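In what follows, chains carry the letters A, B, and so on, assigned in the order in which the sequence lines appear, proteins first and then strands, with residues in each chain numbered from 1. Quantities reported herein were computed from a predicted structural model and do not represent experimental measurements.
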There are 2 protein chains.
Amino acid sequence: MAATIGDVARLAGVSRSTVSYALTGKRSISEDTRARIQEAIEELGFTPNAGARALATSQTNVLGLYLQFEEDEFAPAMLQYVLPVSSEAREHGYDLLMVTDPDLEGAVRRTTSSAMVDGVVLLDVTFDDPRLGPLREATQPAVLIGYARNGEGFDSFDLDFGEAARMAVDHLGTLGHRDLALITPPRHVYERGGSYAWRFRDAAIERAARYGMRITTHYGDSRQPGIEAVLDRALSDDSSPTALILHNDATLAALPSYLNARGISSPGDLSVVGLFSHEFGQAFSLPFTSIETSPDQLGRQAVLQLLKRLAGGGSLEAPRARFVEPILVDRGSTRSAL
Amino acid sequence: MAATIGDVARLAGVSRSTVSYALTGKRSISEDTRARIQEAIEELGFTPNAGARALATSQTNVLGLYLQFEEDEFAPAMLQYVLPVSSEAREHGYDLLMVTDPDLEGAVRRTTSSAMVDGVVLLDVTFDDPRLGPLREATQPAVLIGYARNGEGFDSFDLDFGEAARMAVDHLGTLGHRDLALITPPRHVYERGGSYAWRFRDAAIERAARYGMRITTHYGDSRQPGIEAVLDRALSDDSSPTALILHNDATLAALPSYLNARGISSPGDLSVVGLFSHEFGQAFSLPFTSIETSPDQLGRQAVLQLLKRLAGGGSLEAPRARFVEPILVDRGSTRSAL
DNA sequence: CTGAAAGCGCTTACAG
DNA sequence: CTGAAAGCGCTTACAG
């Protein structure tokens, strides 16, 4: 049906190998021949068959992107990671196979061992990520967005959640706040091993303790009415916090409405610091001071590192975890506690 | 490196063709032989090479999903369409190539003519969609999620936006409202040809006129502070509307916060009907009566129709546009105008 | 019920 | 600068 390299060769009056070399640029071709080939390609509307090329070169020019999410996950934030990965990949000539199969391990094994992809990008990484098993068997390099305890041997990129927590606590401490409330990701995130949840919470607690601040922590919910119930509880606590730290997307999205409904003004009655990206803040019209999570940067850096592995060179440094520095963006939702 | 069908054949003591037939199930194999092959496959951890199989069968078992979005698009809603498409595809043995290349036409041409995909799903379809050109040249079947004027010859699935508008107007009309305000998608959606924008607005205007209701329409924004400015304008209009119809994701997300900030209660001071999905409402904690947009249903039906085309059978009916019926979900944000 | 062989459409040493 | 040929790992008529 579609034109093949043989059709092009015939029309241009050259051999198939010459057409191939013209395509790949792997050896020099006379100007005249190249022109004839180019003409033939355009006349026939020829595009090399991807399967055939993959078979011959053992390269697909496709990267696999593996998502993972719970039934009740707050999905809107995920696209922030997917899009930069896709863009960066394409800018370097790679397409993206997006895998959302609930059978995580099977999907990784199937797509890598059938050589559908040249490399792997893991999203929503958990502390003990089951996908790393099949990934170790795979011949393709992989990169994780997130942090896994069993991630030795892999490149990974994640926000420095500990530092993010310290920045938030420090910021409020400097303003004189002594009683903080922290709303964390939902309990199930801890249970399934989302390490960012602990890393942030533990660092916040430790930092607060060092300064002699009180801090109460509360599992957030991802749905109403749970979201409001948790906020009610957190704010009506005996310690009556003067500042709120939010590490929970769904709660952040609902907060403006909640505050207004309860007649709480920020920063007037309550200082607020959230952990979220610029994009997320824009989408949800969040007027809160934030610690930037930089999904765009994480996604793009991860892809670039993966491409480095693919390019090989042998002299690459050993795979390791890298942490992106959080940045505090002041949007005026905090003020002095006095 | 990886085991091939030849390795399996050798280990099982049969020919490569027999292994292949065991794999595809296209001819009967003796119980004994099948068992030996199965054993060999497991021992070697064999998975058929996808490129080789694609080359031999002209089938990749991959579907292409093509996204399209503007720089300032409100992205969070998009995943609602992507995930069901991915799930439905996988449930039928297909993987998903997700394409976000800004060169829309080039990406469609490249991926179809190189036979990377067996079929095409177009998301974010516009009224005159440039991707349909290369798609007509393609040998693969395609399905659109959305509606395109130049879409003849293609299956497409979309919400019946006209009916959705009529439902919203009728609902408010029955409650006695005579003055409505409608916030539409941003102006650029009209400019680039998002037909759902016109279809909804035109139907709303016509229906309101028929009942002798007044309706003002306003282009929504997708970012603050534009969002609030538009709301201010819409509500302070001379006609002082008693009800608000929202066909704008970003405005919907910001509305709870806006209403509370302005001290407007709903439905006390203002009746509100929005066009959004159940999922979207949950994610953003939206307490508004809605016309359900059913992205899950649209995505899954689109994939199923595409798979029908792929299965062929010849006796398929001609491709056509299909419209999903909207459903009104009463969440109590409307009340009698009297 | 099974095998030998051709073919899918590319790439790439090997030769000249 | 170019061509003939082998090979990538499968599938599938063709034979028996």
Side-chain angles (χ1 to χ4, degrees), chain A residues 1-38 40-41 44-62 93 110-118 139, chain B residues 1-38 40-41 44-62 93 110-118 139:
Chain A
M1 188 78 215
T4 74
I5 203 171
D7 300 325
V8 174
R10 201 171 313 119
L11 188 58
V14 297
S15 73
R16 298 190 306 155
S17 60
T18 301
V19 175
S20 176
Y21 283 116
L23 251 28
T24 62
K26 288 195 177 165
R27 78 180 180 194
S28 48
I29 313 253
S30 76
E31 198 39 63
D32 177 55
T33 314
R34 179 187 303 287
R36 286 213 314 286
I37 290 175
Q38 189 51 40
I41 286 177
L44 295 171
F46 167 76
T47 312
N49 179 284
R53 181 170 266 183
L55 182 56
T57 60
S58 302
Q59 274 214 154
T60 61
N61 276 1
V62 172
R110 181 173 55 80
T111 51
T112 54
S113 71
S114 65
M116 295 181 75
V117 299
D118 292 342
T139 57
Chain B
M1 189 77 216
T4 74
I5 202 170
D7 300 324
V8 175
R10 200 171 313 117
L11 188 57
V14 296
S15 73
R16 297 190 306 153
S17 59
T18 299
V19 175
S20 175
Y21 283 115
L23 250 28
T24 62
K26 288 193 178 167
R27 79 179 180 194
S28 46
I29 312 249
S30 75
E31 199 39 62
D32 177 56
T33 315
R34 180 185 303 287
R36 287 213 314 285
I37 291 175
Q38 189 51 40
I41 287 176
L44 296 171
F46 167 76
T47 313
N49 179 283
R53 181 171 265 184
L55 182 55
T57 61
S58 303
Q59 276 214 153
T60 60
N61 277 1
V62 171
R110 180 173 56 78
T111 51
T112 55
S113 72
S114 66
M116 295 181 76
V117 299
D118 292 341
T139 57

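B:Gln59 has its CD atom 21 Å from the P atom of D:dG9, to the nearest Å. Going from atom OH of A:Tyr21 over to atom C1' of D:dA4 covers 12 Å, rounded to whole Å. Between the C1' atom of C:dG9 and the CZ atom of A:Arg53 lies a distance of 11 Å, rounded to the nearest Å. Taking atom CE on A:Met116 and atom P on D:dC10, their separation rounds to 14 Å, with Å as the unit. One can place CG of B:Leu23 at 8 Å from P of D:dC10, the figure rounded to the nearest angstrom. Taking atom CG on A:Asn49 and atom C1' on C:dG7, their separation rounds to 13 Å, with Å as the unit.
Residues forming a side-chain hydrogen bond (donor to acceptor under 3.5 Å, both in side chains) with B:Ser20 (at least two apart in sequence, or on another chain): none. Shown here are the salt bridge (Lys or Arg N to Asp or Glu O under 4.0 Å) partners of B:Arg36, two or more places apart in sequence or in another chain: B:Asp32. Residues satisfying the side-chain hydrogen bond (donor to acceptor under 3.5 Å, both in side chains) test with A:Arg27, not counting sequence neighbours, are none. Residues meeting the side-chain contact (heavy atoms from CB on, under 4.5 Å) test with B:Ala22, sequence neighbours left out: B:Ile29, B:Ile37. The side-chain hydrogen bond (donor to acceptor under 3.5 Å, both in side chains) test applied to B:Ser114 returns no partner, not counting sequence neighbours. With sequence neighbours excluded, the residues satisfying side-chain hydrogen bond (donor to acceptor under 3.5 Å, both in side chains) with A:Arg110 are B:Asp95. Annotation: salt bridge (Lys or Arg N to Asp or Glu O under 4.0 Å) contacts of A:Asp7 (sequence neighbours excluded): A:Arg10. Partners of A:Leu11 according to the side-chain contact (heavy atoms from CB on, under 4.5 Å) rule, which considers only residues two or more places apart in sequence or in another chain, are A:Ala40, A:Glu43, A:Leu44.
Residues from residues 7-20 of chain A placing a heavy atom under 4.0 Å of any atom in DNA chain C, listed by number, are A:Arg16, A:Ser17, A:Ser20. Only B:Arg27, B:Ser28, B:Ile29, B:Ser30, B:Thr33, listed by number, bring a heavy atom of residues 26-34 of chain B to less than 4.0 angstrom from any atom of DNA chain C.
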Run the side-chain donor-acceptor check on residues 51-58 of chain B: report pairs under 3.5 Å with partners two or more places apart or on a different chain.
| from | atom 1 | to | atom 2 | distance (Å) |
| --- | --- | --- | --- | --- |
| B:Thr57 | OG1 | B:Arg53 | O | 2.7 |
| B:Thr57 | OG1 | B:Gln59 | N | 3.2 |
| B:Thr57 | OG1 | B:Gln59 | O | 3.4 |

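Closest approach to the A:Ala56 side chain among D:dG7, D:dT11, D:dG9 is made by D:dG7 (side chain taken as heavy atoms from C-beta onward).
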Secondary-structure notation, DNA chain C, from Watson-Crick and G-U pairs under 3.5 angstrom (| other strand): |||.||||||||.|||
